[in-house]
Amino acid sequence: MELEGAVAVVTGAASGIGRSLARAMALDAGAVVVAADIDGTGVEAVANEIAVEAAAGSPVGFAAEIDVTDEAAVVALIDGVEERLGPIELWCGNAGISRMGGVERPNEEWNLVWDVNLMAHVIACRHLVPRWVERGSGHLLITASAAGLLTGLGTASYAVTKHAAVALAEWIAITHGDDGVRVSCLCPQGVRTPMTESDWMLGVAQVEALGLMEPEEVAAVTLEALQQDRFLVLPHPEVETYEQRRAGDRERWLRGMRRMQRGLLGTPDS
């Protein structure tokens, strides 16, 4: 897609990958970016940074405080952006959360992660895809994770919902690709963000062991992928190898993941 002059909305834009995506799209690619996040103060700061650093005369977007799981708020944001700036040409669903633990965690926690990591994409697409089909163009970027192609140690809800996000991206690409709707699915491995700097224990240990990338690097790879209309965006190219190994010999891959988990936990091999 052509990013220069395009109206783009980036959710989860107050920090981490979202902040870097918003800045790169506006300052490097010339898109008109609406930075959205549940952290109103944080996202306002990002929008102000962009406005200050943008070239003189360049069109700039604005900041929006929003809970991406609130359908009425998402509709209001979409309508508001299109009224003020014109048709949304790119929606970057980047908001995401994680919770440590497995199936023992309460339903309320699973539902929260499900709502943010999957249903927020469903809600946005419910109201954007029909508009894009009617216009014959539009681009969706879903930030999933390498955990959505592989798995995430120690955090079942994150791994499961990121797999679901990848599946949704694939479904929309297949179902509406002939209607002019383009889809990209961003699946980074370890990125230095507030999520990986938190007390995430095993999940953080896993991505740290594999190596952390800076969010600015992820944003640069993503811009290139968007401009080339690529579906799968892999800032860590080794993830493609891991995915092929997983598909080629699932039993071997499961044994390898158990071995990694034992190593990170300091558990002796059986």
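In this text, all values refer to a predicted model and were calculated from it rather than measured experimentally.
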Should Glu2 and Glu89 be marked as a side-chain contact (heavy atoms from CB on, under 4.5 Å) after you check the CA-CA gap, both sets of side-chain angles, and the distance that decides it?
CA-CA 10 Å; Glu2 176 56 59; Glu89 297 166 76; over 6 Å; no
Count the heavy atoms belonging to other residues, nucleotides or ligands that lie under 6.0 Å from CD of Glu240, then report whether that count exceeds 12.
no
Pro87 and Arg131, any side-chain heavy atoms less than 4.5 Å apart:
no
Ile38, Val33: one ILVMFWY side-chain cluster at the under-4.5 Å cut-off?
no
Arg126, CZ atom: more than 12 neighbouring heavy atoms under 6.0 Å
yes
Side chain proximity check, Leu226 to Met25, heavy atoms < 4.5 angstrom
yes
For the CZ atom of Arg182 and the OG atom of Ser137, what is their distance to the nearest 0.5 Å?
9.5 Å
Shortest non-hydrogen contact from Glu170 to Phe231?
CG-CZ, 3.6 Å
Please report the closest heavy-atom contact between Tyr158 and Ile97, naming both atoms and the distance.
CD1-O, 3.4 Å
For Leu77 and Ala36, which heavy atoms make the closest approach, and how far apart are they?
CD2-CB, 4.2 Å
Please check if atom CD in Glu109 has more than 12 non-hydrogen atoms from other residues, nucleotides or ligands closer than 6.0 Å.
yes
Exam field: side chain Asn117 to backbone Gly96, donor-acceptor pair closer than 3.5 Å:
no
Within one Ile-Leu-Val-Met-Phe-Trp-Tyr cluster: Val9 and Ile78, side-chain cutoff 4.5 Å:
yes
Backbone of Val116 reached by a side-chain donor or acceptor of His121 within 3.5 Å:
no
Could you check whether any side-chain N or O of His139 sits under 3.5 Å from a backbone N or O of Val181, counting only pairs where one atom can act as donor and the other as acceptor?
no
Look only at the side chain of Asn94 and the backbone of Gly12, and say whether a donor-acceptor pair between them is shorter than 3.5 Å.
yes
Could you check whether any side-chain heavy atom of Leu149 comes within less than 4.5 Å of a side-chain heavy atom of Leu234, counting everything from C-beta outward?
yes
Could you tell me the separation between the CG atom of Leu265 and the CE atom of Met260, rounded to the nearest 0.5 Å?
11.5 Å
Using side-chain heavy atoms (C-beta onward) and a distance below 4.5 Å, is Trp132 in contact with His176?
no
Can you tell me how far apart SG (Cys125) and CG (Leu140) are? Round to the nearest 0.5 Å.
4.5 Å
Does Arg23 offer a backbone N or O that forms a donor-acceptor pair with the side chain of Asp28 under 3.5 Å?
no
CZ/Arg245 to CD/Glu238 distance, rounded to the nearest 0.5 angstrom?
10.5 Å
Could you walk me through whether Ile50 and Leu27 pass the side-chain contact (heavy atoms from CB on, under 4.5 Å) check?
CA-CA 7 Å; Ile50 292 171; Leu27 301 175; 4.3 Å; yes
Report yes or no: do Asp115 and Thr69 form a side-chain donor-acceptor pair below 3.5 Å?
no
Using only atom types and a distance under 3.5 Å, with no angle test, would you say the side chain of Glu82 pairs donor to acceptor with the backbone of Ile88?
yes
Do Val113 and Thr155 touch side chain to side chain, with heavy atoms closer than 4.5 Å?
no
Could you tell me which non-hydrogen atom of Cys185 sits nearest to which non-hydrogen atom of Val166, and how far apart they are?
SG-CG2, 3.9 Å
Determine yes or no for a side-chain-to-main-chain donor-acceptor pair under 3.5 angstrom, with Thr11 supplying the side chain and Ala95 the backbone.
yes
Using every non-hydrogen atom in the two residues, find where Gly18 and Val10 come nearest and quote the distance to one decimal.
O-CG1, 3.6 Å
When rounded to the nearest 0.5 angstrom, what distance separates CG in Asp67 from CG in Asp37?
10.5 Å
Hydrophobic cluster membership, with links at side-chain heavy-atom distances under 4.5 Å among I/L/V/M/F/W/Y: are Met119 and Ile142 in one?
yes
Which pair of heavy atoms, one from Lys162 and one from Ser145, lies closest together, and at what distance?
CG-CB, 4.0 Å
Interatomic distance, Asn111 atom CG to Thr161 atom OG1 [nearest 0.5 angstrom]
11.5 Å
Between Glu224 and Val233, is there a side-chain heavy-atom distance shorter than 4.5 Å?
no
Taking atom CZ of Arg135 as the centre, does the number of heavy atoms from other residues, nucleotides or ligands within less than 6.0 Å exceed 12?
yes
Heavy atoms, side chains only, cut-off 4.5 Å: are Leu232 and Glu243 in contact?
yes
Leu223, Met1: one ILVMFWY side-chain cluster at the under-4.5 Å cut-off?
yes
Is Ile172 linked to Leu118 within one hydrophobic cluster, defined over Ile, Leu, Val, Met, Phe, Trp and Tyr using a side-chain heavy-atom separation of less than 4.5 Å?
yes
Given side chains that start at C-beta, do those of Val74 and Ile66 come closer than 4.5 Å, heavy atoms only?
yes
